[in-house]
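Here, residue 1 is the first one in the sequence, and each next residue gets the next number. Only this structure's heavy atoms are used, side chains among them; waters, hydrogens and symmetry mates stay out.
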Amino acid sequence: MALTLNVNGVDVEVDASSDTPILWVIRDHLSMTGTKFGCGMSLCGACTVHLNGQPIRSCVTPIQAAVGQKITTIEGIESPAAVAIQDAWDEMQVPQCGYCQSGQVMSAVALLERNPNPSYEDIDAAMTGNVCRCATYVRIRNAIKHASTKLS
């Protein structure tokens, strides 16, 4: 079935079943591989994208839920919060293996867009469910706090 989606500000038509997870449409139909497959059960956060600015797990969200909505992937984030997060990630050398980082960044950006000056408790709450197998949680947390100082 042909569906029209708005991905990173561009309307695209994809031929996919309405119950296909957003993740697979993004990766397999649109060849955008920044969003990762981790667990397939909404437990790890590697597949996080924004739907109308809110972080969602794309591995369990059917594409039908995104018709008429705005999907933003790691390839399309451009806000001041996104720039601050990306710069902080580089400055603080957050990633190790990097596999989870697109999901981590998408969740962090969503947090700073709704709360530009989060407490450590706010950061912990927003990042719950984003798993990093390399355990760079302290660096992630500190980078988000550092990025927030650039937005104030």
Side-chain angles (χ1 to χ4, degrees), residues 5-12 20-63 65-152:
L5 306 171
N6 185 286
V7 180
N8 298 330
V10 177
D11 287 336
V12 294
T20 303
I22 292 171
L23 173 66
W24 300 118
V25 172
I26 291 167
R27 290 183 61 83
D28 293 347
H29 294 264
L30 301 177
S31 299
M32 300 171 72
T33 58
T35 303
K36 304 300 182 197
F37 172 77
C39 66
M41 299 182 296
S42 187
L43 299 173
C44 73
C47 69
T48 302
V49 299
H50 294 176
L51 188 62
N52 294 329
Q54 297 300 309
I56 62 154
R57 303 301 196 239
S58 65
C59 70
V60 296
T61 306
I63 198 62
V67 173
Q69 312 298 318
K70 293 182 180 189
I71 301 169
T72 306
T73 69
I74 190 72
E75 293 91 346
I77 57 170
E78 300 176 338
S79 69
V83 171
I85 286 291
Q86 291 168 328
D87 288 348
W89 246 240
D90 287 341
E91 289 171 28
M92 302 189 82
Q93 300 178 358
V94 171
Q96 280 188 357
C97 82
Y99 195 83
C100 70
Q101 295 306 300
S102 63
Q104 299 279 358
V105 166
M106 295 302 287
S107 292
V109 168
L111 167 63
L112 292 186
E113 286 178 347
R114 73 176 178 273
N115 180 358
N117 190 23
S119 66
Y120 283 113
E121 292 79 21
D122 295 334
I123 294 168
D124 293 344
M127 299 306 288
T128 297
N130 284 84
V131 177
C132 175
R133 293 189 187 270
C134 299
T136 64
Y137 298 111
V138 172
R139 285 190 286 191
I140 291 167
R141 187 180 199 231
N142 290 338
I144 294 168
K145 192 65 171 169
H146 180 67
S148 74
T149 65
K150 296 179 179 192
L151 297 174
S152 302

Using side-chain heavy atoms (C-beta onward) and a distance below 4.5 Å, is Ile77 in contact with Val105?
yes
Among residues at least two apart in sequence or on other chains, which ones pass salt bridge (Lys or Arg N to Asp or Glu O under 4.0 Å) with Arg141?
Asp124
Ignoring hydrogens, what is the shortest heavy-atom contact between Pro118 and Pro116? Give both atom names and the distance.
CD-C, 3.5 Å
Quick check: closest heavy atoms across Cys44 and Gly38, and the distance to 0.1 Å?
SG-CA, 3.6 Å
Does some side-chain heavy atom of Pro62 sit less than 4.5 Å from a side-chain heavy atom of Thr20?
no
Do Thr61 and Pro21 touch side chain to side chain, with heavy atoms closer than 4.5 Å?
no
Set of residues satisfying side chain to side chain donor-acceptor pair (under 3.5 Å) with respect to Gln93, sequence neighbours excluded
none
Could you pull out all residues at least two apart from Glu91 that satisfy salt bridge (Lys or Arg N to Asp or Glu O under 4.0 Å)?
Lys150
Quick note, side chain to side chain donor-acceptor pair (under 3.5 Å) partners involving residues 96-106, not counting sequence neighbours, are Trp89-Gln101
Nearest heavy-atom approach of Ala65 to Leu51 is O-CD2, 4.1 Å
If you define the side chain from C-beta out and look only at heavy atoms, does anything of Ile71 sit under 4.5 Å from Thr73?
yes
With sequence neighbours excluded, residues passing side chain to side chain donor-acceptor pair (under 3.5 Å) with Asn115
Asp122
Closest non-hydrogen atom pair, Ala110 against Gly53
CB-O, 4.2 Å
Checking side chain to side chain contact (heavy atoms under 4.5 Å, CB included) for the pair Asn117/Leu151: CA distance, chi angles, key distance, verdict?
CA-CA 8 Å; Asn117 190 23; Leu151 297 174; over 6 Å; no
So CG of Leu112 and CD1 of Ile144: to nearest 0.5 Å the spacing works out to 7.0 Å
Counting distance only, does the side-chain N/O of Ser79 pair as donor-acceptor with the main-chain N or O of Ala82 below 3.5 Å?
yes
Got a second to check how far Lys36's NZ is from Ile74's CD1, nearest 0.5 Å?
10.0 Å
For residues 23-31, please give each side-chain donor-acceptor pair under 3.5 Å, one per line with the distance, not counting sequence neighbours.
unit_1	atom_1	unit_2	atom_2	d
Arg27	NH1	Thr33	O	2.9
Arg27	NH1	Thr35	O	2.8

Contact between Tyr137 and Cys132 at the side-chain level, heavy atoms closer than 4.5 Å - yes or no?
yes
Separation between OG (Ser42) and CD1 (Ile56), nearest 0.5 Å, reads 9.5 Å
Minimum heavy-atom separation for His146 and Ala88, please, with both atom names.
CD2-CB, 3.9 Å
Partners meeting side chain to side chain donor-acceptor pair (under 3.5 Å) with Ser107 (sequence neighbours left out):
Asn130
Contacts satisfying side chain to side chain donor-acceptor pair (under 3.5 Å) that involve residues 43-59 (not counting sequence neighbours) are Thr48-Arg57, Asn52-Gln69
Decide yes or no on side chain to side chain contact (heavy atoms under 4.5 Å, CB included) for Met41 and Val60, but give the supporting numbers first.
CA-CA 7 Å; Met41 299 182 296; Val60 296; 5.5 Å; no
Summary of salt bridge (Lys or Arg N to Asp or Glu O under 4.0 Å) pairs that have at least one residue in residues 106-115, sequence neighbours excluded:
none
Restricting to pairs with a member in residues 67-83, which pass salt bridge (Lys or Arg N to Asp or Glu O under 4.0 Å), not counting sequence neighbours?
none
Between SG of Cys59 and CZ of Phe37, what distance do you get to the nearest 0.5 Å?
7.0 Å
Qualifying residues under side-chain contact (heavy atoms from CB on, under 4.5 Å), relative to Asp90, sequence neighbours excluded:
none
